[in-house]
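Heads up: the structure comes next, in structure tokens.
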Amino acid sequence: MYINKGNNDFRDIVTHEYVDKSSLIPLINAMLNSENRYSCVTRCRRFGKSMAAKMLCAYYDRSCDSRELFRGLEAERDASFGTYLNKYYVISIDMTDFTTKYRGEKNIVKLIQQEIMDEVLEIFSEIKVKDRDDLMDILYRISESTGERFFMIIDEWDAILREMGTDEFITTSYVDLLRRLFKGSGSNTVFAGAYLTGILPIKKYDTESGLNNFCEYSMIDPAFLAPCFGFTKEEVKMLCKKHGMDMNEMESWYDGYRIGKASRMFNPYSVMRAINDEEFGSYWTTTGAYDSVITYIQMNFDGLKDDIIRMLSGEHVYVDTTEFRNDMRIIRSKNDVLTVLIHLGYLAYDGDAQECYLPNKEVADGFLNAVEDTSWVRLVEALTASRNLLTATLSGNEQAVAKGIDQAHDEHTSILSYNDENSLACVLSVAYIWARNEYVIHREYASGKGYADLVMIPRRNVSKPALVIELKFNHSADTAIDQIKRKEYPTKIAEYTGDLLLVGINYDKETKQHTCKIERYTI
């Protein structure tokens with residue numbers, strides 16, 4: 001179950017629809033038997049971590065011949081492929097197997113060691129064992145006597161910390177086991193490499209007693225492993241073409257993650273479910289409870305609720321990710337909340353701008369559901385008002401639209417201040433939160449002879465007109481409509497839908513009132 005598991009798991013993967021992620025193998029090969037041999041890759045649920053672990057197991061495991069499974073894949077073309085193919089004894093464990101089997105068991109770490117030791121000694125029965133030998137003692141004796149090195153894979157390495165983190169004895173015992181294996185004097189003798197996967201990066205400690213010899217590749221700092229997990233835009237385009245799926249709709253639902261230099265990453269689980277079901281919908285968000293999201297966003301940290309409102313309206317917000325201790329139970333600030341939500345996949349992260357945001361419709365829909373289950377009466381009321389605002393806009397009720405935007409401005413003065421058309425656009429984004437259920441909303445949309453302030457294009461199967469919204473500050477709503485026509489903004493929008501509404505909105509700084517003008521545009 002744990003050592004020399006073979007390649008059947010990976011065989012099951014490649015014999016079905018498989019997007020080639022074998023480019024990970026040469027990258028891991030380059031780190032074998034070096035100071036960088038210990039890797040910890042953390043991603044949110046269903047982002048390809050376990051598939052990669054099964055692939056590495058099939059590649060390194062000396063008990064099988066996996067050459068045929070990699071025929072035609074990218075890894076096969078690398079010069080290191082044949083050097084390490086099926087060359088190591090592989091110990092591969094999924095920590096969730098143990099947390100399920102030994103839930104509530106105080107000595108779970110001791111039991112984990114014992115189960116692995118029993119299997120190792122079945123294979124290396126000639127090794128002499130002392131009564132007080134632990135797993136590392138046995139592996140060291142094997143390496144010393146045979147010259148063999150091991151490759152160790154621990155999938156969901158942080159499961160014990162996430163599920164049993166309230167028991168200090170268990171967590172301390174577990175960290176001590178990992179340190180004993182990978183940070184001891186004999187670790188480099190025993191292991192050619194180790195590959196850990198999980199959701200959270202390795203916990204930060206006040207001292208140097210942690211596993212600081214691991215190279216970490218996270219949602220926030222993935223380094224050169226960024227394209228190896230999740231689907232790139234090119235890979236999704238290939239899948240859409242093959243299966244006759246709408247690429248624009250796929251982008252709207254599942255794109256949006258910016259992971260390192262891979263600026264367009266899709267949720268792979270949801271993409272494949274949409275292809276298999278031939279229907280777009282919320283797949284990833286239904287595989288895990290939103291209880292944790294509700295718990296975190298209700299924490300009483302200054303500015304947190306305002307930032308959530310900003311992101312629900314499509315804005316990006318600044319986040320300092322450096323202080324989070326990689327422990328879901330140690331949340332000390334708004335930045336910690338936002339950082340843990342990035343690791344969980346509920347927020348995306350732009351490292352260049354140091355900003356987080358809601359990546360796509362699937363996550364945004366789930367986030368809205370989570371918010372509606374909170375005690376945020378003010379925001380729930382804002383969602384109702386936003387729904388009414390969209391209805392008023394589509395029906396051409398100019399006075400109701402102006403009044404609705406006045407209300408949105410008054411209710412969100414803590415996060416919004418008017419200085420120019422850009423700040424007015426922020427208010428509009430908040431006011432039209434509800435519209436994101438039915439529209440794809442673009443700020444500064446290139447169209448005609450310039451950039452429209454706000455363009456709302458109906459989602460697939462939504463039979464409503466597109467909206468072109470122009471904003472003015474201390475002018476008039478008529479001036480905004482004139483600019484839409486003069487700069488021919490509808491020209492490009494007409495490619496997406498036959499029906500268009502032109503909406504001009506002006507804010508008068510003296511009266512502190514909005515005015516609105518709505519016209520139906522005929523192509």
*Apply the test side chain to side chain donor-acceptor pair (under 3.5 Å) to residues Asn4 and Ser63: give CA-CA distance (whole Å), side-chain angles for both, the deciding distance (0.1 Å), then the verdict.*
CA-CA 6 Å; Asn4 292 352; Ser63 70; 4.7 Å; no
*Between Glu156 and Thr96, does any side-chain donor sit less than 3.5 Å from a side-chain acceptor?*
no
_As a quick check of understanding, evaluate side chain to side chain contact (heavy atoms under 4.5 Å, CB included) for Asn437 and Leu368, giving each step before the final call._
CA-CA 10 Å; Asn437 289 300; Leu368 276 172; 4.2 Å; yes
*Check whether any side-chain heavy atom of Glu115 lies under 4.5 Å from a side-chain heavy atom of Met1, and answer yes or no.*
no
*asked:* Do the side chains of Asp327 and Arg332 get close enough for a salt bridge, i.e. N-O under 4.0 angstrom?
replied: no
_Could you report the tightest heavy-atom contact between Phe191 and Leu139, atom names first, then the distance?_
CZ-CD1, 3.9 Å
*Is Arg310 salt-bridged to Glu355, cutoff N-O under 4.0 Å?*
no
*For Pro359, does its backbone N or O pair with a side-chain atom of Arg258 as donor and acceptor, under 3.5 Å?*
no
_Counting C-beta onward and ignoring hydrogens, is there a side-chain heavy-atom pair between Leu304 and Tyr296 closer than 4.5 Å?_
no
*asked:* With a 3.5 Å distance limit and no angle check, can you tell me whether Asn360 reaches the backbone of Glu362 through a side-chain donor-acceptor pair?
replied: yes
*Starting from the C-alpha separation in whole Å, work towards a yes-or-no answer on side chain to side chain contact (heavy atoms under 4.5 Å, CB included) for Met328 and Leu161.*
CA-CA 9 Å; Met328 295 170 70; Leu161 303 181; over 6 Å; no
_Whether Arg273 side chain and Glu279 backbone form a donor-acceptor pair below 3.5 Å_ = no
*Do Phe10 and Leu56 touch side chain to side chain, with heavy atoms closer than 4.5 Å?*
no
*What's the spacing between Lys49 NZ and Ile199 CD1 if we round to 0.5 Å?*
5.5 Å
*Compare all side-chain heavy atoms of Ile91 with those of Ile116 and state whether any distance is below 4.5 angstrom.*
yes
*Parallel under 30°, tilted from 30 to 60°, perpendicular over 60°: which one fits the rings of Phe81 and Tyr59?*
tilted
*asked:* When you compare the side chain of Tyr283 with that of Arg46, does any pair of heavy atoms fall below 4.5 Å?
replied: no
_Strictly distance-based, threshold 3.5 Å: is any side-chain N or O of Tyr357 a donor or acceptor partner for the main-chain N or O of Gly256?_
yes
_In the structure I gave you, are the side-chain heavy atoms of Ile127 and Ser145 within less than 4.5 Å of one another anywhere?_
yes
_Checking side-chain polar atoms at under 3.5 Å, does Asn335 have a donor or acceptor matched by the opposite partner on Ser333?_
no
*Arg264 with Asp255: basic N within carboxylate O range, under 4.0 Å*: yes
*Determine the minimum heavy-atom distance between Gly345 and Val363, stating which atoms define it.*
O-CG2, 4.3 Å
*Measure centre to centre between the rings of Tyr254 and Tyr269, then say whether the value is under 6.0 Å.*
no
_N/O donor-acceptor pair under 3.5 Å between Asn86 side chain and Ala58 backbone_ = yes
*asked:* Do the side chains of Arg71 and Glu68 get close enough for a salt bridge, i.e. N-O under 4.0 angstrom?
replied: yes
*Is the backbone N or O of Lys110 less than 3.5 Å from a side-chain atom of Asn107, with the two atoms forming a donor-acceptor pair by type?*
no
*asked:* Please report the interatomic distance CG(Leu344) to CZ(Arg43), rounded to the nearest 0.5 Å.
replied: 14.0 Å
*First locate atom CZ of Arg325, then atom CD1 of Ile330, and finally report the distance between them rounded to the nearest 0.5 Å.*
6.0 Å
*Minimum heavy-atom separation for Met311 to Leu358, with atom names?*
O-CD1, 3.4 Å
*Can you tell me how far the CG atom of Asp133 sits from the CG atom of Leu135, to the nearest 0.5 Å?*
10.5 Å
*Asp12, CG atom: more than 12 neighbouring heavy atoms under 6.0 Å*: yes
*Do His343 and Asn326 come close enough that some side-chain heavy atom pair is under 4.5 Å?*
yes
*Output yes when a side-chain donor or acceptor of Ser143 lies under 3.5 Å from a complementary backbone atom of Tyr140, and no otherwise.*
no
*Passing option when Trp284 is tested against Phe266, Phe47, Tyr346 for ring pair (Phe, Tyr, Trp, His ring centres under 6.0 Å)*: Tyr346
*Taking all heavy atoms of Ser23 and all of Cys228, pick out the closest pair and write down the distance.*
OG-SG, 3.8 Å
*Starting from the C-alpha separation in whole Å, work towards a yes-or-no answer on side chain to side chain contact (heavy atoms under 4.5 Å, CB included) for Thr171 and Val175.*
CA-CA 6 Å; Thr171 57; Val175 172; 5.5 Å; no
_If the condition is side-chain hydrogen bond (donor to acceptor under 3.5 Å, both in side chains), which residues does Lys21 pass it with, not counting sequence neighbours?_
Glu235
*How long is the span from the NZ atom in Lys54 to the CD1 atom in Ile13, to the nearest 0.5 Å?*
5.0 Å
*Between Asp134 and Arg180, is the closest basic N to carboxylate O distance under 4.0 Å?*
yes
_Tell me whether the count of non-hydrogen atoms from other residues, nucleotides or ligands lying under 6.0 Å of NZ in Lys237 goes above 12._
no
*asked:* Please list all pairs meeting ring pair (Phe, Tyr, Trp, His ring centres under 6.0 Å) that have one or both residues in residues 25-44, counting only residues at least two apart or in different chains.
replied: Tyr38-Phe182, Tyr38-Phe214
*Report yes if the distance between the aromatic ring centroids of Tyr84 and Phe151 is under 6.0 Å, otherwise no.*
no
_Short side-chain to backbone donor-acceptor contact, Glu76 and Gly72, under 3.5 Å_ = yes
*Between Arg459 and Glu249, is there a side-chain N and carboxylate O pair less than 4.0 Å apart?*
no
*Exercise: identify the closest heavy-atom pair between Met219 and Ile259*: O-CG2, 4.1 Å
*Give the minimum heavy-atom separation between Leu239 and Ile275, together with the two atoms involved.*
CB-CD1, 3.7 Å
*So, do Tyr257 and Phe229 have ring centers that fall under 6.0 Å from each other?*
no
*Crowded around Met51 CE? As in, over 12 foreign heavy atoms under 6.0 Å?*
no
*Does any donor atom in the side chain of Ser66 or Asn7 lie under 3.5 Å from an acceptor atom in the other side chain?*
yes
*Start with the C-alpha distance between Ile3 and Phe150, add both sets of side-chain angles, then the distance that settles side chain to side chain contact (heavy atoms under 4.5 Å, CB included), and finish with yes or no.*
CA-CA 10 Å; Ile3 186 169; Phe150 293 83; 4.0 Å; yes
*Under a 4.0 Å N-O cut-off, is there an ion pair linking Lys106 with Asp167?*
yes
*Answer yes or no: are there more than 12 heavy-atom neighbours, outside Glu278 itself, under 6.0 Å from its atom CD?*
no
*Any donor and acceptor pair, going by atom type alone, linking the side chain of Asp20 with main-chain N or O of Glu74 inside 3.5 Å?*
yes
*Are the side chains of Ser39 and Ile28 in touch, meaning some heavy atoms are under 4.5 Å apart?*
yes
*Atom CG of Asp307 and atom CZ of Phe301: how far apart are they, to the nearest 0.5 Å?*
13.0 Å
